[in-house]
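One structure is given here, and the rest of the page talks about it.
Given the structure is predicted, the values throughout are model-derived calculations rather than measurements. Every chain is numbered from 1, with letters handed out A, B, ... down the list of sequences.
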Amino acid sequence: TDVDDKIIKKSNETGEACSTITEKYIDEFHNEMDALNVLRPTMEPKATEHIDHIIGFVEKLIEKGKAYAVDDGNVYFSIDAFEHYGRLSGRNPEDMRAGARIAVEEKKKNPLDFTLWKPAKSGEPYWESPWGNGRPGWHIECSAMSHEYLGEGFDIHGGGKDLIFPHHENEIAQSEALFGTRFVKYWIHNGFVDINHEKMSKSLGNFTMIKDVLERYSPEVIRLFLLSKHYRSPIDYSEQSMHEVNMGLDRIYGFLERLENEGIQPDASGNGPLWQAFTDAMNDDFNSARALAAVFETVKKGNKMLDQAPEQPDKALISELTQVQNDMADIAGILGIFLETPSAWFAAKKDKGVADMAVDPAIVEALIAERTQARKDRDFARADEIRDQLQQMNIVLEDGPSGTSWRFA
RNA sequence: GGCGGCUUGGCCAAGGGGUAAGGCAACGGCCUGCAAAGCCGAUAUCCCCGGUUCGAAUCCGGGAGCCGCCUCCA
């Protein structure tokens with residue numbers, strides 16, 4: 001929706017048009033989703049561009065006796081006219097009426113009836129309608145727009161857990177009351193991101209914005225963090241979790257780097273057992289945590305194979321590892337993690353470390369060269385001294401067959 | 001008060017009747033001049049009580065703790 005009380009309030013305060021305000025936030029949203037590597041939706045309909053369809057929807061509900069207009073310009077949905085009301089959220093309208101904490105609005109037939117169209121107060125934007133100047137209620141926007149683009153029913157509807165009641169319940173009521181067919185086959189309700197075991201909220205002042213997290217961690221780390229727990233469960237954001245996930249991703253990239261160094265590249269030879277395990281997990285209600293476990297198991301197994309591989313790996317080993325590469329590449333494309341080349345990944349990390357720690361790479365390289373010479377001369381005291389010195393700069397050395405590389409811890 | 005969910009090793013987290021995946025951290029070992037990386041190894045009876053069952057973390061009942069939704073708005 002791009003018209004609601006908060007937007008209107010802000011518009012009245014700042015003098016900016018509602019559309020100016022919503023465009024600003026829509027842009028911000030797009031920027032952050034793009035940064036997180038979230039694909040853009042095919043359609044992103046706005047409520048204000050579908051008012052005619054919404055009005056038509058409401059008119060038809062009234063015709064069918066599922067809704068009623070009140071003389072003050074309000075139109076309400078009559079929940080008593082929809083027998084399945086409460087099915088999704090497991091609520092019983094009778095109980096809710098009994099437990100209602102609010103003063104009953106006597107214009108409603110049932111206190112749980114909700115607004116389809118509301119009259120405009122002075123200073124509010126409005127559209128003309130058969131019930132006077134006003135604007136749509138929130139729930140009807142979704143029923144009307146989904147109908148326009150997806151038809152009378154569709155397969156999957158997503159949303160946060162908090163929207164189950166009343167929003168999704170109301171969408172079902174509106175659409176099924178009008179069309180008499182099943183509205184949605186599968187509901188995908190995601191849990192929230194908590195922060196340090198508390199709900200993020202303005203009153204607690206514990207908001208963390210995506211853009212701030214992006215300054216500290218790669219988008220892939222954020223994605224891996226979100227995938228590490230089942231989507232339905234709440235997930236707790238903390239520095240420690242992010243750090244752990246970050247380390248785990250390095251482990252994956254480290255393995256991919258080893259494969260690359262062995263000249264193992266993805267090809268057209270098809271998928272292996274990892275792919276099977278991955279798809280099994282994902283097909284089980286998007287069990288991303290289990291899918292990732294399969295990835296890590298393969299990393300461990302692959303590392304072992306590489307450890308034990310002879311100088312000249314045989315064809316069978318190469319073919320097995322190539323299959324792993326194929327699986328990893330396909331999984332990367334689906335999860336949106338380890339999409340970069342390992343060298344680019346580690347180079348970016350190094351750049352960030354250089355910037356954060358204000359380190360001069362030339363000095364590091366010079367020290368490493370000196371250490372290499374010292375090691376050749378078997379002057380291990382000097383070599384270790386240099387390594388300790390670099391460690392002070394948060395730099396870790398790795399001596400490999402092809403020389404010494406460095407990274408930030 | 002109503003409805004729903006959660007409680008698994010130091011931390012994070014799968015599993016959901018047949019004897020506990022995975023990640024991070026720590027520890028021991030291999031490798032290494034020593035390290036790092038990698039590998040190997042050991043580490044949990046699943047909040048408590050009771051029940052069903054040949055068998056329960058998984059089912060049922062009770063209890064404790066935590067979380068979300070339940071006016072308007074979205």
Does A/Lys118 reach a base, just sugar-phosphate, or nothing at all? Heavy atoms under 4.0 Å. sugar-phosphate
Sugar-phosphate, base or nothing in reach of A/Asp4, heavy atoms under 4.0 Å: sugar-phosphate
Which part of the nucleic acid does A/Ser228 contact within heavy-atom distance under 4.0 Å: base, sugar-phosphate only, or nothing? sugar-phosphate
Between B/rC12, B/rC70, B/rA36, which nucleotide gets closest to the side-chain atoms of A/Val396? B/rA36
Sort out the partner of B/rU53 for me: Watson-Crick or G-U wobble, both distances under 3.5 Å, none otherwise. none
With respect to the side chain of A/Arg91, which nucleotide from B/rC73, B/rA21, B/rG2 is positioned closest? B/rG2
What nucleic acid atoms does A/Arg135 come within less than 4.0 Å of, heavy atoms only: base, sugar-phosphate, or nothing? sugar-phosphate
Once hydrogens and angles are ignored, does a donor-acceptor distance under 3.5 Å link the base of B/rG33 to the side chain of A/Arg375? yes
Do other residues, nucleotides or ligands put more than 12 heavy atoms under 6.0 Å from the NE2 atom of A/His243? no
Between A/Asp284 and A/Arg290, is the closest basic N to carboxylate O distance under 4.0 Å? yes
Can you classify the ring geometry of A/Tyr253 versus A/Trp345 as parallel (below 30°), tilted (30 to 60°) or perpendicular (above 60°)? parallel
Quick check, does A/Phe380 stack with B/rG33? I mean ring centres under 5.5 Å and planes off by under 30°. yes
Counting only Watson-Crick or G-U wobble pairs whose two distances fall under 3.5 Å, which nucleotide matches B/rG65? B/rC6
Of the nucleotides B/rG15, B/rG33, B/rA36, which has the atom closest to the A/Ala383 side chain? B/rG33
When A/Gly137 and A/Arg407 are each assigned the nearest nucleotide of RNA chain B, the 5'-most assignment goes to A/Arg407
Over 60° means perpendicular and under 30° means parallel, so tell me whether A/Tyr231 and A/Phe286 are parallel, tilted or perpendicular. perpendicular
